[in-house]
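This report refers to the structure that appears directly beneath it.
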Number of protein chains: 2
Amino acid sequence: MVESQDSLYSLSSPDLDLDRFDTGELNLLSSQLSQNGELKSLEIDSQTLVNNLGFLAQEEYPQYFHEILEIPPLPNLDHLRQLPNLEDMSENNWKFDMQLKSESGNKSSWLYSGSLNKVFVKINTPLNVYPAFVRYDVNAELFIRAMIVYSSQNDLPEPVKKCPNHKEKYTGCFADHILRCDNTESVYRGNENGKVFEEKLAVLVPMKNIASNEPLKLTFTCQNSCSGGMNRKSTSLIFTLEDQYQNILGRKCMHFKVCSCPRRDKEKDEQTTKTLPKKRKIEGSNAPSTSKKQHLMQKQDSTETLMMDQSPVESPIATIPGTFMNIKQEQDAQVELKILLPNDALKKKALDAVYNVIAGEMSRSGNSALNYYLTELQKQIGK
Amino acid sequence: MVESQDSLYSLSSPDLDLDRFDTGELNLLSSQLSQNGELKSLEIDSQTLVNNLGFLAQEEYPQYFHEILEIPPLPNLDHLRQLPNLEDMSENNWKFDMQLKSESGNKSSWLYSGSLNKVFVKINTPLNVYPAFVRYDVNAELFIRAMIVYSSQNDLPEPVKKCPNHKEKYTGCFADHILRCDNTESVYRGNENGKVFEEKLAVLVPMKNIASNEPLKLTFTCQNSCSGGMNRKSTSLIFTLEDQYQNILGRKCMHFKVCSCPRRDKEKDEQTTKTLPKKRKIEGSNAPSTSKKQHLMQKQDSTETLMMDQSPVESPIATIPGTFMNIKQEQDAQVELKILLPNDALKKKALDAVYNVIAGEMSRSGNSALNYYLTELQKQIGK
DNA sequence: ATGGACATGTCCAT
DNA sequence: ATGGACATGTCCAT
Ligand SMILES: [Zn+2]
Ligand SMILES: [Zn+2]
Ligand SMILES: [Zn+2]
Ligand SMILES: [Zn+2]
């Protein structure tokens with residue numbers, strides 16, 4: 001164990017003997033790093049490690065060499081102990097992207113501003129984000145990590161914590177997590193005080209069980225305005241496509257704001273940004289009044305508008321869950337009932353009431369074909 | 001023990017044999033009542049007790065008879081198991097009052113509105129309140145209890161809880177208490193879910209150590225606007241002068257609001273009240289839209305300006321409703337109900353049934369926002 | 001759902 | 001400290 005680490009430390013030039021990296025060692029190194037926040041057991045600080053492995057860490061190397069060199073993936077794990085990176089990384093073989101698709105239904109629960117690369121979303125409301133990437137290496141086990149950070153350079157290191165008010169409502173693995181992902185097998189990582197990438201709160205979603213057109217079903221459980229929490233600071237979402245070794249294969253970032261009036265706030269935000277870069281921010285310990293308050297992402301803002309709005313096409317899939325198979329029904333034209341209800345409890349009551357309507361009719365008419373609808377209703381009620 | 005209680009229960013007429021009351025028995029009864037929220041050990045409900053002791057509970061009897069009759073104070077402990085009373089009680093021998101004195105210094109930390117009988121104060125800022133009373137019985141051990149309640153009749157039973165955000169900062173005996181009193185030997189009483197007088201959170205200050213001109217040094221540790229806490233409901237402060245047996249010798253009430261801008265809010269409040277009694281409140285589970293939202297104290301609002309400075313009539317004590325609906329209308333996630341039905345006729349019936357579900361809920365909860373869903377349903381039903 | 005009014009905390013210049 | 005502007009949640013009528 002120590003031996004393998006020693007061999008790592010001895011690396012000091014780009015003439016790396018790549019054969020020496022087998023995935024076993026990498027895994028080991030990776031876990032070594034993450035289980036021990038300060039690397040004390042290795043008696044080496046993370047900076048030293050970064051210095052020694054730094055040449056592997058260039059953004060230019062995310063591609064895999066193993067096909068050419070017939071070796072395992074080039075390790076690129078220094079980011080684990082660094083601050084999150086807010087630059088998109090999509091110009092490699094994986095062509096990773098995350099896309100929002102406007103949904104016809106209750107579209108008001110979120111709105112996206114292309115000019116700001118920012119999504120405005122209500123609290124506890126689903127935001128579906130669709131992964132898009134080329135499966136460049138079919139053997140890689142893929143994950144998408146979703147993480148929240150403060151947008152401003154000064155606040156980036158600061159952990160983004162859920163406010164005590166909203167914390168109170170939840171227990172369990174995501175009690176401290178603002179960002180929830182309701183896809184099955186999502187894993188909640190990090191801790192509330194984590195500063196570097198691997199320690200920050202995030203949700204890790206295995207792609208293994210995600211259908212090709214299935215979105216990440218995200219939910220924000222705290223508002224940007226919450227005092228004792230995000231406290232009106234501006235925030236960003238970072239998605240990273242990762243393999244089983246935590247190599248980063250792609251990255252997609254966007255600003256977000258969890259608020260009560262997405263439309264109003266989006267319009268005001270676009271308006272304000274259009275005119276002049278204002279102050280009146282409590283972000284960062286920046287200069288009194290002149291500071292331009294620039295986001296890390298905005299470094300490339302020249303191309304940002306494009307980046308956003310083109311990220312285009314692709315088919316919206318949105319298979320409606322719970323869609324019924326078409327039953328060839330007798331003479332009567334089958335009809336769909338589709339309504340909006342205030343909450344799940346009332347939806348449940350509504351379903352029960354409809355159940356009674358159908359059951360009553362079936363009883364009165366003796367039309368046992370209606371049983372099909374009861375069964376379908378029961379499925380929804382059971383959920 | 002049981003015997004002494006039995007003797008109490010046997011009282012059934014005002015011809016009370018006052019000699020039978022010694023302070024020992026009263027103390028015992030009092031502690032019996034308070035240690036056992038439901039009086040289970042006595043196998044008697046508090047209502048029965050009130051019925052039996054009710055004749056002692058008249059507001060007209062707070063005076064002591066012991067000088068005349070040479071017996072201990074007339075017991076008056078039924079209030080312990082009732083909702084707090086919001087009427088001033090100063091027209092007796094004790095002439096109890098609590099007074100604010102404008103301080104030259106940092107006067108901005110609070111402001112008092114005479115016309116509203118309301119003090120506007122900043123969070124975590126000292127509010128000195130000066131007790132004034134005639135020491136009618138020099139042998140009595142005196143206390144002043146300070147308690148916070150919701151002003152509106154509907155919300156009065158609801159415990160006033162500190163929001164989780166502000167709770168987080170404190171530990172110890174006043175962790176849950178919004179109202180702090182920094183005088184030495186202040187004792188924190190009650191519990192967060194207490195509904196009746198003796199169980200509600202309060203601070204009890206022994207007068208023994210208070211110099212004659214010394215004020216109660218109060219501090220509010222949570223704002224009226226705090227969600228998860230007072231949640232913008234209007235609130236009142238109740239001071240009661242009590243003896244060592246918890247008899248109430250005097251009472252002084254005032255509205256208060258803990259806010260960031262006392263001056264602005266005071267002016268706006270006075271302005272608004274001057275014109276017309278408005279709605280736009282989240283207080284009480286009141287009727288849909290017409291409810292006048294009246295404070296207990298405001299029942300006499302016609303004379304309130306006077307009342308403040310005099311001390312009025314009489315008024316009923318609100319009884320404890322078994323439950324009070326929680327109006328807390330946080331943002332519920334809207335949901336869509338989508339089902340397939342055999343034909344239009346049944347769809348119509350289904351819509352009717354759902355309509356009834358929502359209408360019923362709206363009626364029960366008084367949540368008029370649900371009307372939107374009824375309207376939408378009606379559109380579909382009309383088709 | 002939606003837009004307007006409002007309530008109320010925060011920032012900022014003086 | 002103070003008043004004005006602003007940010008942002010909530011209520012309400014449609
Ligand atoms: Zn929150
Ligand atoms: Zn940006
Ligand atoms: Zn609070
Ligand atoms: Zn009043």
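Numbered from 1 within each chain, the chains take letters A, B, ... in sequence-line order.
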Is B:Lys118 close enough and on-axis enough to B:Phe256, meaning under 6.0 Å and within 45°, for cation-pi?
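So B:Lys118 doesn't make the cation-pi contact.
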Starting at [atom1] of [X] and ending at [atom2] of [N], how long is that distance when rounded to a whole Å?
X	N	atom1	atom2	value
B:Asn231	C:dA7	CG	C1'	12 Å
B:Lys122	D:dT2	NZ	P	7 Å
A:Gln223	D:dT10	CD	C1'	11 Å
B:Met230	C:dA7	CE	P	18 Å
A:Lys266	D:dA7	NZ	P	17 Å
A:Asn224	D:dC6	CG	C1'	17 Å
A:Lys268	C:dG3	NZ	P	14 Å
A:Asp265	D:dT8	CG	P	6 Å

Test item: side-chain donor near acceptor, A:Thr272 and A:Asp269, under 3.5 Å:
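Result is no, nothing qualifies.
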Modelled atom types, side-chain donor and acceptor of B:Thr235 and B:Asn224, under 3.5 Å:
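B:Asn224 and B:Thr235 do have a side-chain donor-acceptor pair below 3.5 Å.
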Residue matched to C:dT14 through Watson-Crick or wobble contacts both under 3.5 angstrom:
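The answer is D:dA1, by the H-bond criterion.
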Using only side-chain N and O atoms of [X], determine if any of them is under 4.0 Å from OP1 or OP2 of [N].
X	N	value
A:Ser225	D:dG9	yes
A:Lys257	D:dA7	no
B:Ser260	C:dT10	yes

Does any N or O donor sit under 3.5 Å from an N or O acceptor when you compare the side chain of A:Arg264 with the base of D:dG9?
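Side chain to base: pair found, below 3.5 Å.
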Looking at B:Tyr112 versus B:Phe120, is the centre-to-centre ring distance below 6.0 Å?
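Distance test on ring centres: not under 6.0 Å, no.
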When you measure from the side chain of A:Arg232, which nucleotide among C:dG3, D:dT8, D:dG9 comes out closest?
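Between C:dG3, D:dT8, D:dG9, the one nearest the side chain of A:Arg232 would be D:dT8.
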